[in-house]
**Student:** 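The following block contains the structure, expressed as structure tokens.
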Amino acid sequence: MDAGAAFPPGCPSCDPQPLVAVPVCVYSGRLPEHAPKALPRAGVVKSARGQGQSPAALQEPRTAAAGPGRRLLHADAHCRALCTERRNHARELVRAEDLRRWDALVVMSGDGLIHEVVNGLMERPDWETAIQKPLCSLPAGSGNAVAASLNYYAGYEQVTKEDLLTNCTQLLCRRLLAPMDLLSLQTACGQRLFSVLSLAWGFIADVDLESEKFRRLGEMRFTLGACLRLVALRTYRGSLAYLPAETLASRRGPSPARAPQDPADTHVVPLEQPVPPHWTVVPEQDFVLVLALLHSHLASDLFTAPMGRCSAGAMHLFYVRAGVSRAMLLRLFLAMEKGRHMECHCPHLVYVPVVAFRLEPKDGKGVFTVDGELLISEAVQGQVLPNYFWMVSGYREPPPSLKPQPSPRRKSQQTPPPSERP
């Protein structure tokens with residue numbers, strides 16, 4: 001189906017009108033205070049996990065009725081809240097849930113809970129059907145990158161906290177869907193998992209994990225964590241290889257949209273084998289960070305990929321080489337709020353759209369994070385599975401071309417140097 005379609009066939013409600021009497025299953029994680037108090041026939045119980053930022057606009061029932069609560073109340077959405085109590089609890093719940101009862105699964109938390117839900121769906125015996133169940137993100141965590149990206153695709157201005165929640169609730173009431181890519185990952189120990197947002201190594205992963213103790217600060221936890229990590233900046237030895245989107249397009253043409261099939265990784269070879277000859281290989285060196293990103297935002301206030309949404313089957317790959325100064329790294333971080341970091345023309349920052357990658361740590365330093373969740377540091381590779389699941393979204397325009405968008409003045413900051421081209 002095309003982006004902007006209503007709930008697909010198989011869902012009881014496929015009329016593209018505002019949501020009316022549609023049952024929705026709500027998974028609530030870290031911030032039940034975000035739950036609209038006026039939401040009919042829905043209960044949200046406080047989770048045992050940590051909290052993100054609590055918007056004051058949703059603390060009182062009267063205030064809630066004026067925002068997201070009123071929208072859902074007018075839409076007469078029937079909901080059942082399933083509240084998580086521990087890590088991977090949502091994964092267990094969604095594996096056992098009778099999905100035929102619901103038109104959509106609404107994840108009211110941060111990006112980590114969406115990660116759990118999607119991986120739980122992919123672990124079901126009926127995963128081919130289960131992964132087609134529409135998902136919706138109502139931001140209630142501290143990062144909320146998926147919700148912020150959907151907010152951006154819908155044409156809204158960048159907002160955070162209760163304003164972002166209000167916009168995402170409005171998208172749910174509109175009941176429009178768009179297909180989303182999924183990142184399939186394999187590790188050296190044989191683990192297979194799926195990402196809905198990103199894989200990070202180095203600086204970004206360290207900030208994400210080390211700032212967990214500041215979770216009660218909400219989005220400010222990342223700013224504080226970044227400042228602390230800048231004081232003791234690290235480098236990480238490793239090798240990186242990737243399949244550029246342009247290379248794949250020139251060899252085979254763009255990947256066509258397709259319904260979910262066996263999630264085979266067709267662009268990668270076993271980790272013990274060398275990458276295919278048409279891949280780009282970055283010589284082993286010291287990195288400050290490597291980031292593979294499916295969407296536009298890395299947090300609700302971090303507009304990381306201003307070059308636009310990649311075509312189906314492609315993702316954004318950023319990496320920063322060792323040698324970048326602390327001052328430049330801070331400048332990049334601050335400029336990222338408005339998506340202006342590529343205009344800093346940092347010679348250590350490289351960007352390229354890719355369809356697959358392989359990353360191999362060489363010194364045992366650092367950790368990976370997948371959608372903000374910890375992954376042990378070992379060789380990992382991944383490729384994008386295009387149009388693999390549905391999310392509630394206001395996104396209507398077709399994705400842009402596979403080609404990276406050039407910098408207004410120079411291209412060298414956004415494309416790999418000649419020595420790293422195939």
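Everything numeric in this text was worked out from a predicted model, so none of it was measured.
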**Student:** Name the orientation class of the two ring planes belonging to Y319 and Y242 (parallel below 30°, tilted from 30 to 60°, perpendicular beyond 60°).
**Tutor:** tilted

**Student:** Tell me whether Q158 contacts the main-chain N or O of N151 through its side chain, where contact means a donor paired with an acceptor under 3.5 Å.
**Tutor:** no

**Student:** Side chains of M180 and S393, heavy atoms from C-beta outward: is any pair under 4.5 Å?
**Tutor:** yes

**Student:** Is any side-chain N of the basic residue among E373 and R91 closer than 4.0 Å to the acidic one's carboxylate O?
**Tutor:**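 Not counted as a salt bridge, because no side-chain N and carboxylate O are separated by less than 4.0 Å.
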
**Student:** So L332 and M336, do their side chains get closer than 4.5 Å, heavy atoms only?
**Tutor:**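 A side-chain contact is absent here, since even the closest heavy-atom pair is not under 4.5 Å.
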
**Student:** So, R321 and Q285: side-chain donor and acceptor under 3.5 Å apart, yes or no?
**Tutor:** yes

**Student:** If you look at every heavy atom in A245 and V355, which pair is closest and at what distance?
**Tutor:**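 Heavy atoms only, the tightest pair is CA-CG1, 4.1 Å.
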
**Student:** Got P179 and F389 here, is their nearest side-chain heavy-atom distance under 4.5 Å?
**Tutor:**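 Result no, sub-4.5 Å side-chain heavy-atom pair not found.
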
**Student:** Keeping the roles fixed (side chain from R340, backbone from A335), state whether a donor-acceptor pair exists under 3.5 Å.
**Tutor:**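 Flag not set: sc R340 to bb A335 has no pair under 3.5 Å.
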
**Student:** Could you check L121 against L135 for side chain to side chain contact (heavy atoms under 4.5 Å, CB included), going step by step and ending with a plain yes or no?
**Tutor:** CA-CA 11 Å; L121 292 172; L135 303 180; 4.2 Å; yes

**Student:** Hey, are the side chains of H267 and L248 touching, using non-hydrogen atoms and a 4.5 Å cut-off?
**Tutor:**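 Result yes, sub-4.5 Å side-chain heavy-atom pair found.
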
**Student:** Does the structure place the NZ or CZ of R309 under 6.0 Å from the centre of the six-membered ring of Y153, at an angle of no more than 45° from the ring's axis?
**Tutor:** yes

**Student:** Decide if atom CZ of R192 counts as having more than 12 heavy atoms of other residues, nucleotides or ligands within a radius under 6.0 Å.
**Tutor:** yes

**Student:** For the atom pair CG (L289) and CG (L329), what is the distance rounded to the nearest 0.5 Å?
**Tutor:** 7.0 Å

**Student:** Calculate, to the nearest 0.5 Å, the distance between atoms CD and CH2 belonging to E360 and W201 respectively.
**Tutor:** 10.0 Å

**Student:** With the side chain counted from C-beta on, respond yes when Y156 and L171 share a heavy-atom pair under 4.5 Å apart, and no when they do not.
**Tutor:** yes

**Student:** Which pair of heavy atoms, one from L150 and one from V392, lies closest together, and at what distance?
**Tutor:** CD1-O, 3.7 Å

**Student:** Quick one: does L294's side chain get under 4.5 Å of V384's, heavy atoms only?
**Tutor:**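 Yes, at least one pair of side-chain atoms sits under 4.5 Å.
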
**Student:** Would I114 and D371 satisfy side chain to side chain contact (heavy atoms under 4.5 Å, CB included), going step by step from the backbone distance to the final call?
**Tutor:** CA-CA 9 Å; I114 303 175; D371 302 339; over 6 Å; no

**Student:** Please determine, by modelled atom types, if S184 and Q383 share a side-chain donor-acceptor pair under 3.5 angstrom.
**Tutor:** no

**Student:** Nearest 0.5 Å, please: how far is OH in Y388 from CD1 in I131?
**Tutor:** 8.5 Å

**Student:** Please check if the side chain of D286 supplies one atom and the backbone of T235 the other of a donor-acceptor pair under 3.5 Å.
**Tutor:** no

**Student:** Looking at V94, is its backbone amide N or carbonyl O close enough to the side chain of R124 to form a donor-acceptor pair, meaning the two atoms are under 3.5 Å apart?
**Tutor:** yes

**Student:** Just checking E157: does its CD atom have more than 12 heavy atoms from other residues, nucleotides or ligands closer to it than 6.0 angstrom?
**Tutor:**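 Counting other residues, nucleotides and ligands, CD of E157 stays at 12 neighbours or fewer.
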
**Student:** In Å and rounded to the nearest 0.5 Å, what is the CZ to NE2 distance from R331 to H341?
**Tutor:** 12.5 Å

**Student:** What heavy-atom pair brings A226 and F333 nearest, and what distance separates the two atoms?
**Tutor:**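 In this case the closest contact between A226 and F333 is CB-CZ, 3.8 Å.
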
**Student:** Taking H89 for the side chain and R87 for the main chain, is one N or O donor matched with an acceptor at less than 3.5 Å?
**Tutor:**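 No, H89 side chain to R87 backbone: no donor-acceptor pair under 3.5 Å.
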
**Student:** Pick from V118, L182, L183, L375: which one makes a side-chain contact (heavy atoms from CB on, under 4.5 Å) with S195?
**Tutor:**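 Answer to the side-chain contact (heavy atoms from CB on, under 4.5 Å) test with S195 among V118, L182, L183, L375: L183.
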
**Student:** Is the shortest side-chain heavy-atom distance between C168 and P139 below 4.5 Å?
**Tutor:** yes

**Student:** Test side chain to side chain contact (heavy atoms under 4.5 Å, CB included) on M391 and L177; report intermediate values, then the result.
**Tutor:** CA-CA 5 Å; M391 286 204 74; L177 301 178; over 6 Å; no

**Student:** Say whether, by atom type as modelled, one donor and one acceptor occur between the side chain of N167 and the main chain of L164 under 3.5 angstrom.
**Tutor:**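 No: the side chain of N167 does not pair with the backbone of L164.
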
**Student:** Between the side chain of E284 and the main-chain N/O of S239, is any donor-acceptor distance below 3.5 Å?
**Tutor:** no

**Student:** Using modelled atom types and a 3.5 Å cut-off, is there a donor and acceptor pairing between side-chain atoms of Q381 and backbone atoms of V269?
**Tutor:**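 Checking the backbone N and O of V269 against the side chain of Q381, a donor-acceptor pair under 3.5 Å is found.
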
**Student:** So which atom in D111 and which in G143 form the shortest heavy-atom distance, rounded to 0.1 Å?
**Tutor:**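 Looking at all heavy atoms of both residues, the closest pair is OD2-C, 4.0 Å.
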
**Student:** Hey, does H316 have a side-chain heavy atom less than 4.5 Å from the side chain of L291?
**Tutor:**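 The answer is no, as the side chains (C-beta and beyond) never meet within the 4.5 Å cut-off.
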
**Student:** Under 3.5 Å, side chain of N119 to main-chain N/O of H115, donor-acceptor pair present?
**Tutor:**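 Present.
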
**Student:** For D265 and Q186, run side chain to side chain donor-acceptor pair (under 3.5 Å): C-alpha distance rounded to whole Å, both residues' side-chain angles, the deciding distance at 0.1 Å, then the answer.
**Tutor:** CA-CA 9 Å; D265 296 331; Q186 303 174 12; 2.5 Å; yes

**Student:** Could you give the distance from CG (L193) to CD (E123), rounded to the nearest 0.5 Å?
**Tutor:** 9.5 Å

**Student:** To the closest 0.5 Å, what do you measure between CD (Q273) and CZ (R358)?
**Tutor:**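 That separation rounds to 8.0 Å.
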
**Student:** Check the pair I376 / V367 against side chain to side chain contact (heavy atoms under 4.5 Å, CB included), numbers first and verdict last.
**Tutor:** CA-CA 6 Å; I376 61 173; V367 293; over 6 Å; no

**Student:** Heavy-atom count around K362 NZ within 6.0 Å, excluding the residue itself: above 12?
**Tutor:** yes

**Student:** Start with the C-alpha gap between D301 and T160, add the side-chain angles, then the distance that decides, and say whether side chain to side chain donor-acceptor pair (under 3.5 Å) holds.
**Tutor:** CA-CA 7 Å; D301 58 351; T160 62; over 6 Å; no

**Student:** F303 and Y152: ring-ring contact (aromatic ring centres under 6.0 Å, His included), yes or no, with the steps?
**Tutor:** CA-CA 9 Å; F303 188 15; Y152 170 68; 4.9 Å; yes

**Student:** Specify the closest pair of heavy atoms between C346 and V324, including all atoms of both residues, with the distance to one decimal.
**Tutor:** SG-CG2, 4.0 Å

**Student:** Restricting to non-hydrogen atoms, name the atom on A312 and the atom on P386 that form the minimum distance, rounded to 0.1 Å.
**Tutor:** C-CB, 3.8 Å

**Student:** Please check: side-chain N/O of S198 versus main-chain N/O of A200, any donor-acceptor pairing under 3.5 Å?
**Tutor:**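 Answer holds: no.
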
**Student:** Are Y236 and F203 an aromatic pair, judged by ring center distance below 6.0 Å?
**Tutor:** no

